[in-house]
Novice: 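The following block contains the structure, expressed as structure tokens.
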Amino acid sequence: MEQLKHDIYWHFKLKRSNGRALKALKIIESYNGKVSPKFRKLSDEYATEVLGNKAYAPWLYVYSAIQNRFEDGWIPDNYYAKEVVPKLNGDYGKVADRNFITPFLLPSMESLDVTYFINGKFCSPDSKIIDPMAVKDYLFEKQDKIVFKKENSKRGKGVYILNKNNFDPSIYTSNKCGNGVFQKFIQQHPFFSEFADNSVATIRITTVSDELGNISARASYIRFGRTKDTHIMSNSAISIPIDINTGEFHSVGYMNWLQVDKHPDSNVSFHQKTIPHFSKCVDKAIEMHRVIPFMGCLGWDLTVDNLEKVQVIEVNGINNGIKLSEATTGPCFKDLNWSNLWKQRQES
């Protein structure tokens, strides 16, 4: 019965994912032209023969459409979710997504967390319960703005920018809001504010741990919000691939898979722009991953603040999709033999 539930769940999950892939493909083909029948055939064969299921082909079409070629070693986004993350991260990936647990997993990380709201209680980072009547003064004692993020928030939903005037503790204690974390608001580096100054730019760095626990950074991109956004929202953000070795932007970014060569609001070009202190961001992600080498692949959201300090915003152990990186800079994980993980699962 459990296997049947698993199979039904993934049947529909793969179907939804492929719907998103085919929608993306249609957009990409509108400016890059139709994917070559040769690349479609290679994608179908690779998905079936190497990855074990033709359902993985649509994301390979997307990657081929972006790069105008087919590459062995690409990892489709839905194969990554079904086969790679459960095998390499397991339930510990879910633990990493729980804000309160992160400082215990990563004690050397200088956390942005100020307070947690968990199971109806406000709790300090040192595990002390805070009286709801006193929590406002506690939160805004040293900062004017606070960010609240719900647990399991995805695509920018469940994120709120708060100040002392609009913070109401009763919203949380009355169960109108779920568990989450209150974090310091980051004053970002001026480099990022040139593109968008109303929301904090987020650098995503994907790191992996190989079979011997060696940690390496494999891919990166940056997300900017729109002028109307107070924080990064996936449905409106602009994502620009980054050279993982230098921190230089690619000349084009993507907004829901439409290509743009400059920020649509500020009109600042992406051409020949390099993130300040990018090597420090990579070093920080690798340093953090070395503390938890038993997790195989993690997505780190970081930024550089106005004091030129790297700030770790969060770590993603479950919802750390790789499709943009694979489509633009991949294959990023070819040497890790992830394509064999489905066979290992069937043999176990």
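Numbers here are sequence positions counted from 1. The analysis underlying the following values was restricted to heavy atoms, covering all of them including side chains, and did not include hydrogens, waters or symmetry mates.
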Novice: Name all residues meeting the salt bridge (charged side-chain N to carboxylate O under 4.0 Å, His left out) criterion together with Lys309; count only those two or more places apart in sequence or in a different chain, and write none if there are none.
Specialist: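 Listed in chain order: Glu110.
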
Novice: If you measure only the distance, is there a donor-acceptor pair under 3.5 Å linking the side chains of Tyr116 and Asn179?
Specialist: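 Not at all, the side chains of Tyr116 and Asn179 share no donor-acceptor pair under 3.5 Å.
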
Novice: When you measure from the side chain of Asp301 to the backbone N and O of Glu314, does any donor-acceptor pair fall under 3.5 Å?
Specialist: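 Not confirmed, Asp301 side chain does not pair with Glu314 backbone.
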
Novice: So, are Glu287 and Arg290 salt-bridged, with charged N and O less than 4.0 Å apart?
Specialist: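 Salt bridge between Glu287 and Arg290, a charged N being under 4.0 Å from a carboxylate O: no.
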
Novice: Between side-chain atoms of residues 326-335 and protein atoms elsewhere (two or more places apart, or another chain), which donor-acceptor pairs fall under 3.5 Å?
Specialist:
unit_1 : atom_1 : unit_2 : atom_2 : d
Glu326 : OE1    : Cys332 : N      : 2.7
Glu326 : OE2    : Ile75  : N      : 2.8
Thr328 : OG1    : Leu324 : O      : 2.7
Thr329 : OG1    : Ser325 : O      : 2.9
Asp335 : OD1    : Arg218 : NH1    : 2.8
Asp335 : OD2    : Arg218 : NH2    : 3.1

Novice: Could you check whether Phe249 and Phe195 have their ring centres less than 6.0 Å apart?
Specialist: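 Aromatic pair counts; centres sit under 6.0 Å.
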
Novice: Among Lys184, Gln187, Gln311, whose side-chain hydrogen bond (donor to acceptor under 3.5 Å, both in side chains) with Asp305 holds?
Specialist: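 Between Asp305 and the candidates, side-chain hydrogen bond (donor to acceptor under 3.5 Å, both in side chains) is satisfied uniquely by Gln311.
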
Novice: Are any side-chain N or O atoms of Thr303 and backbone N or O atoms of Ala201, one a donor and one an acceptor, separated by less than 3.5 Å?
Specialist: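 At least one qualifying donor-acceptor pair exists.
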
Novice: Evaluate the ring planes of Phe224 and Phe270, with Trp represented by its six-membered ring, and classify them as parallel (under 30°), tilted (30 to 60°) or perpendicular (over 60°).
Specialist: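 Ring orientation, 0 to 90° scale: parallel.
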
Novice: Looking only at side chains, do Asp77 and Tyr56 share a donor and an acceptor under 3.5 Å apart?
Specialist: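 Note: Asp77 and Tyr56 side chains miss the donor-acceptor criterion.
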
Novice: CD of Gln259 to CD1 of Ile27: how many Å apart, nearest 0.5 Å?
Specialist: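 Answer for the CD-CD1 pair, Gln259 versus Ile27, is 11.5 Å.
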
Novice: Evaluate the ring planes of Phe148 and Tyr160, with Trp represented by its six-membered ring, and classify them as parallel (under 30°), tilted (30 to 60°) or perpendicular (over 60°).
Specialist: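 It falls in the parallel class, under 30°.
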
Novice: Check Glu45 with Lys41, please: is the shortest side-chain N to carboxylate O separation under 4.0 Å?
Specialist: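 The answer is yes: the pair qualifies as a salt bridge.
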
Novice: In sequence, state the C-alpha distance, the side-chain angles, and the governing distance for Phe182 and Tyr172, and then conclude on ring-ring contact (aromatic ring centres under 6.0 Å, His included).
Specialist: CA-CA 12 Å; Phe182 297 90; Tyr172 304 89; 5.3 Å; yes

Novice: So does Arg69 get a backbone contact from the side chain of Ser64, meaning a donor-acceptor N/O pair under 3.5 Å?
Specialist: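 Confirmed, Ser64 side chain pairs with Arg69 backbone.
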
Novice: Apply salt bridge (charged side-chain N to carboxylate O under 4.0 Å, His left out) to Arg40 and list each qualifying residue two or more places apart in sequence or on a separate chain.
Specialist: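 Result, salt bridge (charged side-chain N to carboxylate O under 4.0 Å, His left out) vs Arg40: none returned.
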
Novice: Determine whether the side chains of Ser17 and Trp59 contain a donor N or O and an acceptor N or O closer than 3.5 Å.
Specialist: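 Ser17 vs Trp59: donor-acceptor pair found between side chains.
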
Novice: Counting only heavy atoms from other residues, nucleotides and ligands, does the tally under 6.0 Å from NZ of Lys136 exceed 12?
Specialist: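 For Lys136, atom NZ is crowded (more than 12 foreign heavy atoms under 6.0 Å).
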
